[in-house]
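Any value given below was found using the heavy atoms of this structure, including those in side chains, with hydrogens, waters and symmetry copies removed. Starting from 1, each residue takes its place in the sequence as its number. Bear in mind that the values here come from a model prediction, so they are computed numbers and not experimental data. Just so you know, ligand 1 is whichever comes first in the structure, and atom 1 is the first atom listed for that ligand.
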Amino acid sequence: MPSKSIDHAFTALSLTSAATDPTHAGALSFMRRRYTKHLEGVSTAIWGIPFDAATSNRPGARFGPQAIRRASAIFDNDPQYPFGHDLFEAMPTIDYGDCLLDYGNHWLTPQTIEDEATEILSKADYLLTLGGDHFITWPLLKAHVAKHGPLALAQFDAHQDTWFDDGKRIDHGSFVTRAVRDGLIDAERSIQIGIRTHAPENCGIKLIYGHEVEDMRASDISSLIIDHTGGRPAYLTFDIDCLDPAFAPGTGTPVAGGPSSAKVLAILRGLGELDIRGSDVVEVAPAYDHADITAIAGATVAMYMLGLRAERLAKAS
Ligand SMILES: [Mn+2]
């Protein structure tokens with residue numbers, strides 16, 4: 001047997017280089033990154049937020065981080081397709097574990113998330129968060145904007161998330177309303193991809209509807225996203241319900257008529273020129289999943305986010 005070792009999630013001696021755990025065994029962190037709360041020397045931190053109390057329909061996204069981590073075990077130490085190399089070679093990356101939230105005190109949730117994200121971002125350069133429902137993106141944006149200034153939002157989603165918000169609601173369908181009103185995101189430089197529902201307003205954000213995603217080439221959509229953000233620093237949020245329910249049944253508010261995972265991954269692959277400062281994958285709810293379809297899609301989207309970042313770091317060095 002070639003040199004394999006196991007349980008890199010707690011035995012890894014270095015924060016770089018791919019793990020060699022067998023795909024069917026070993027302790028499960030995201031892509032076997034070392035589990036640690038120590039952020040010294042960390043470039044990229046992966047963090048779970050097991051929160052789903054803001055869902056409007058089917059709950060269960062609180063189990064998203066666990067499911068995505070488990071599904072990420074399929075990424076072994078071979079070069080990761082389509083990036084062609086070890087993503088961690090020059091990008092010290094850890095799994096920071098999960099955010100602790102009190103299920104009986106939901107009004108504390110936004111501040112708890114914002115404070116811990118701020119703490120992570122004070123030491124790590126980049127945070128990739130695994131949700132959780134889409135409400136979590138609002139406190140995450142607050143922490144990222146404190147570090148980077150207002151951001152362009154690139155949102156893959158079946159829903160605009162621009163519903164009514166009085167500044168107090170804890171609602172996964174209104175984080176965009178609040179982010180625009182609070183000046184966290186530059187609406188004119190923001191874009192939503194895969195929308196298949198109507199909301200009362202667009203908040204000035206450009207939309208690419210689901211049927212347009214179907215008609216357009218992936219490379220044209222990638223170019224449109226890059227052009228629209230105009231070189232601004234951006235936050236990338238990926239609601240797994242952007243995908244058609246055939247490719248992501250395990251989610252709280254599925255909408256038919258969405259793109260395939262192949263189409264969306266091709267769009268993501270083309271975002272190398274987008275200046276992504278932070279990202280999340282939300283709304284994976286494994287109780288409605290079959291054969292890990294949704295969890296694998298979510299893990300792959302998260303892996304692409306790491307791949308894009310690794311490429312940008314390589315280009316900058
Ligand atoms: Mn959403």
Side-chain angles (χ1 to χ4, degrees), residues 48-65 67-68 109-110 113 128-142 144 151-165 169-182 184-185 187 190-203 205-210 213 225 234-245 247-259 261 264 267-268 278-286 288-289 294-295 297-298 301-302 305:
I49 303 185
F51 174 79
D52 62 12
T55 48
S56 52
N57 190 17
R58 309 191 299 199
R62 68 179 59 185
F63 297 103
I68 294 169
T109 293
I113 294 172
L128 163 59
T129 306
L130 312 175
D133 70 43
H134 220 159
F135 175 77
I136 67 167
T137 301
W138 181 67
L140 288 170
L141 277 170
K142 286 186 83 176
H144 282 82
L151 297 163
L153 184 70
Q155 179 179 354
F156 288 78
D157 208 321
H159 313 87
Q160 293 176 247
D161 298 338
T162 55
W163 292 86
F164 168 77
D165 194 290
R169 290 176 63 76
I170 297 186
D171 174 0
H172 74 155
S174 65
F175 85 90
V176 173
T177 311
R178 201 186 293 195
V180 172
R181 192 180 51 218
D182 292 353
L184 301 178
I185 61 175
S190 295
I191 186 164
Q192 297 176 325
I193 303 101
I195 302 300
R196 307 192 291 288
T197 47
H198 291 295
E201 60 171 314
N202 296 350
C203 295
I205 294 170
K206 181 171 180 57
L207 307 183
I208 306 178
Y209 283 105
V213 174
I225 295 167
Y235 187 88
L236 175 60
T237 183
F238 196 102
D239 188 326
I240 205 71
D241 69 29
C242 177
L243 298 175
D244 189 89
F247 301 92
T251 193
T253 47
V255 184
S261 44
V264 158
I267 297 168
L268 288 175
S279 57
D280 61 51
V281 182
V282 297
E283 300 283 356
V284 171
Y288 316 102
D289 208 4
T294 316
V301 167
M305 289 167 170

K.L.:
Hey, which N, O or S atom on D239 ends up closest to the Mn ion (ligand 1)?
P.N.:
OD2
K.L.:
Can you find a pair of side-chain heavy atoms, one from F51 and one from D133, that are under 4.5 Å apart?
P.N.:
yes
K.L.:
Got an N, O or S from D157 under 2.8 Å of the Mn ion (ligand 1)?
P.N.:
yes
K.L.:
Only N/O/S atoms count here: what is the atom of H134 closest to the Mn ion (ligand 1) called?
P.N.:
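In H134, the N, O or S atom with the shortest distance to the Mn ion (ligand 1) is ND1.
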K.L.:
Output, in order, the C-alpha distance, side-chain angles, deciding distance and verdict of side-chain hydrogen bond (donor to acceptor under 3.5 Å, both in side chains) for D165 and T177.
P.N.:
CA-CA 7 Å; D165 194 290; T177 311; over 6 Å; no
K.L.:
Identify the residue among T197, T251, T253 that makes a side chain to side chain donor-acceptor pair (under 3.5 Å) with D241.
P.N.:
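Result: among T197, T251, T253, T253 is the only option passing the side chain to side chain donor-acceptor pair (under 3.5 Å) with D241.
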K.L.:
Report yes or no: does D161 have an N/O/S atom closer than 2.8 Å to the Mn ion (ligand 1)?
P.N.:
yes
K.L.:
Looking at D182 and K142, is there a salt bridge between them, counting it only when a charged N and a carboxylate O are closer than 4.0 Å?
P.N.:
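Salt bridge flag = no for D182 with K142.
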